[in-house]
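Structure first, commentary second.
The basis for the numbers below is simple: all heavy atoms, side chains too, and nothing from hydrogens, waters or symmetry mates.
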Amino acid sequence: MKKIAIAGAGAMGGRIGSQIKEAGYDVKLIDTWEEHVNAINEKGLEIQTETETYTLQIPAILPHQVNETFDLVIILTKSMHAEEMLRTLYDKNAINEDTALLSMMNGLGHGDRLSAIVPKTQIFLAVTMWTAGLRGPGQLLLEGQGSIEFQRADGHADERTERINQIFNDAKLNATISDNVFKSIWSKATLNSVLNPLCTILDKTINEFSQYDKSRDIVEPLIAEIVAVAEAKGVSLNAETLLKKIEAAYPNEAQGLHYPSMHQDLYHGRYTEVDYLNGQIAKYGRELGIATPNNEMLTHLIHELEMKHVK
């Protein structure tokens with residue numbers, strides 16, 4: 001895999017792309033934010049870590065500027081923009097039958113949506129525990145450690161699987177090839193489907209949310225719905241394990257000081273990914289005959305808030 005594209009070069013795309021570039025690979029960032037793309041091309045990508053600040057020269061382009069075919073495309077757009085990005089890349093011949101597509105987006109159902117455009121044999125699904133931030137156009141903030149777990153969407157492995165794993169680990173991204181990435185995706189989606197909408201609706205940090213002595217009474221019914229839907233989809237989750245994972249995020253020294261990404265999107269005037277979290281869970285529930293009133297309600301409440309904050 002000689003040519004690698006990061007489709008969606010925001011905070012996480014910037015982290016993944018910059019680390020792969022620093023490992024010596026041919027990487028191109030693709031993003032729709034023109035100011036961000038221009039800043040990277042004019043000044044380089046400014047990277048601030050816990051110990052230093054430096055500039056990395058890495059090419060960045062807008063989707064319509066693509067003029068080459070890639071061996072690997074890592075998709076890190078917001079969930080609602082992924083299909084449009086992928087169709088643009090497909091129309092620009094950036095993707096052919098040999099291209100591997102790896103989705104590292106938050107949320108559920110990406111394998112099915114992307115397989116409407118390319119075969120599942122070309123699609124890889126990943127879940128990451130890395131974090132990243134943007135301080136402004138072309139300015140990346142990287143702190144802490146993380147990992148990546150991934151698997152081909154149809155459950156099979158091939159030579160590309162090993163090659164992607166090698167690329168990630170050359171880039172010090174701590175990758176592993178999973179034998180059940182779907183369980184990890186659902187586990188992360190549970191955390192996001194609980195803390196993201198609740199902290200957004202209540203306008204609280206994760207730790208502030210936890211200070212209510214009846215917070216478990218809010219969280220547990222949400223988890224129960226998700227576990228029931230996941231089970232019907234063939235993914236076995238443990239409610240108590242998920243509750244412990246969520247509560248482990250409460251302390252300030254964990255994630256407690258932070259507002260979740262959904263809160264950040266909404267209060268910066270951007271649409272959220274709720275339809276790919278609580279909304280997708282509710283959609284699955286309707287298809288499977290499983291009641292998900294709590295996830296339905298949170299989806300509606302977030303959309304109500306979007307009407308106020310997104311112009």
Side-chain angles (χ1 to χ4, degrees), residues 75 78-80 82-83 101-129 148-157 176-198 200-201 215-249 260-262 272-303:
I75 306 169
K78 287 291 184 181
S79 297
M80 57 284 230
E83 290 167 83
L101 304 173
L102 186 141
S103 167
M104 207 177 291
M105 297 178 288
N106 285 328
L108 300 166
H110 295 306
D112 292 332
R113 278 184 285 272
L114 298 180
S115 67
I117 304 171
V118 297
K120 275 194 175 179
T121 53
Q122 290 180 242
I123 299 171
F124 294 80
L125 302 175
V127 60
T128 181
M129 300 309 294
I148 294 172
E149 179 183 346
F150 76 100
Q151 185 179 21
R152 209 170 85 176
D154 62 0
H156 297 289
T176 56
I177 300 168
S178 177
D179 59 4
N180 190 0
V181 76
F182 303 98
K183 183 172 183 177
S184 298
I185 289 171
W186 273 87
S187 178
K188 185 176 181 182
T190 301
L191 185 145
N192 287 336
S193 295
V194 172
L195 294 180
N196 277 23
L198 291 175
T200 301
I201 292 164
S215 61
R216 274 198 174 190
D217 292 345
I218 304 173
V219 169
E220 288 179 330
L222 282 165
I223 294 176
E225 290 179 6
I226 296 169
V227 168
V229 171
E231 190 74 34
K233 295 284 289 181
V235 178
S236 179
L237 300 176
N238 181 276
E240 186 61 30
T241 299
L242 292 170
L243 178 61
K244 289 178 180 177
K245 182 176 181 179
I246 289 166
E247 291 183 338
S261 59
M262 186 179 290
T272 74
E273 295 181 297
V274 69
D275 286 335
Y276 301 87
L277 294 165
N278 308 84
Q280 186 66 53
I281 292 158
K283 181 176 183 289
Y284 285 149
R286 290 191 296 272
E287 294 169 352
L288 296 164
I290 298 171
T292 58
N294 293 286
N295 281 281
E296 288 266 16
M297 181 59 72
L298 289 184
T299 305
H300 290 312
L301 291 176
I302 291 295
H303 284 319

message: I'd like to know whether Lys78 forms a side-chain contact (heavy atoms from CB on, under 4.5 Å) with Tyr276, so could you lay out the CA-CA distance, the side-chain angles of the two residues, the decisive distance to 0.1 Å, and finally the verdict.
response: CA-CA 10 Å; Lys78 287 291 184 181; Tyr276 301 87; over 6 Å; no
task: List the steps and the verdict of side-chain contact (heavy atoms from CB on, under 4.5 Å) for Ile218 and Leu198.
output: CA-CA 9 Å; Ile218 304 173; Leu198 291 175; 3.7 Å; yes
- prompt: Hey, mind stepping through Ile302 and Thr200 against side-chain contact (heavy atoms from CB on, under 4.5 Å) and telling me if it holds?
  reply: CA-CA 8 Å; Ile302 291 295; Thr200 301; 3.8 Å; yes
message: Could you go through Asp112 and Lys120, starting from their C-alpha distance and side-chain angles, then the distance that decides it, and tell me whether this counts as side-chain contact (heavy atoms from CB on, under 4.5 Å)?
response: CA-CA 8 Å; Asp112 292 332; Lys120 275 194 175 179; 3.1 Å; yes
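Counted by atom type alone, Thr292 and Glu225 present zero donor-acceptor pairs between their side chains at under 3.5 Å.
The shortest heavy-atom contact between Leu288 and Ala232 is CD1-CB, 3.7 Å. The minimum heavy-atom distance between Ala249 and Leu195, with the atom names listed, is CB-CD1, 4.1 Å. The heavy-atom pair separating Ile123 from Leu125 by the smallest distance is CG2-CD2, 4.1 Å. The two residues Thr121 and Arg152 make their nearest non-hydrogen contact at O-CD, 3.5 Å. Closest of all the heavy-atom pairs between Arg113 and Gln280 is NH1-OE1, 2.9 Å. Scanning both residues, Val181 and Gln151, for their nearest heavy atoms gives N-OE1, 3.0 Å.
In this structure, the separation between OG1 on Thr272 and NE2 on His303 is 6.5 Å, given to the nearest 0.5 Å. Here the CD-CD distance, from Glu240 to Glu220, works out to 7.5 Å after rounding to the nearest 0.5 Å. A distance of 8.0 Å separates CD of Glu149 from CG of Asn180, quoted to the nearest 0.5 Å. Note that NZ of Lys245 is 8.0 Å distant from OG1 of Thr190, once rounded to the nearest 0.5 Å. In this structure, OG in Ser79 is found 3.5 Å from CD in Glu273, a value given to the nearest 0.5 Å. Atom CH2 of residue Trp186 and atom OG of residue Ser193 lie 8.5 Å apart, to the nearest 0.5 angstrom.
Side-chain contact between Ile185 and Val235 is absent, with no heavy atoms from C-beta onward closer than 4.5 Å. Inter-residue side-chain proximity for Leu277 and Met262 is flagged as met; some heavy-atom pair is nearer than 4.5 Å. Using a 4.5 Å heavy-atom cutoff, the side chains of Ile177 and Phe150 are in contact. Within the 4.5 Å cutoff, the side chain of Leu108 has heavy atoms near those of the Ile281 side chain.
Taking a 6.0 Å sphere around CE of Met297, one finds it holds 12 or fewer heavy atoms contributed by other residues, nucleotides or ligands.
Remark: side-chain polar atoms of Lys188 are paired, donor with acceptor, to backbone N or O of Thr128 under 3.5 angstrom. Between the side chain of Ser187 and the backbone N or O of Lys183, no donor-acceptor pair lies under 3.5 Å.
Only one option out of Ile223, Ile226, Leu222 pairs with Leu242 in a side chain to side chain contact (heavy atoms under 4.5 Å, CB included); it is Ile223.
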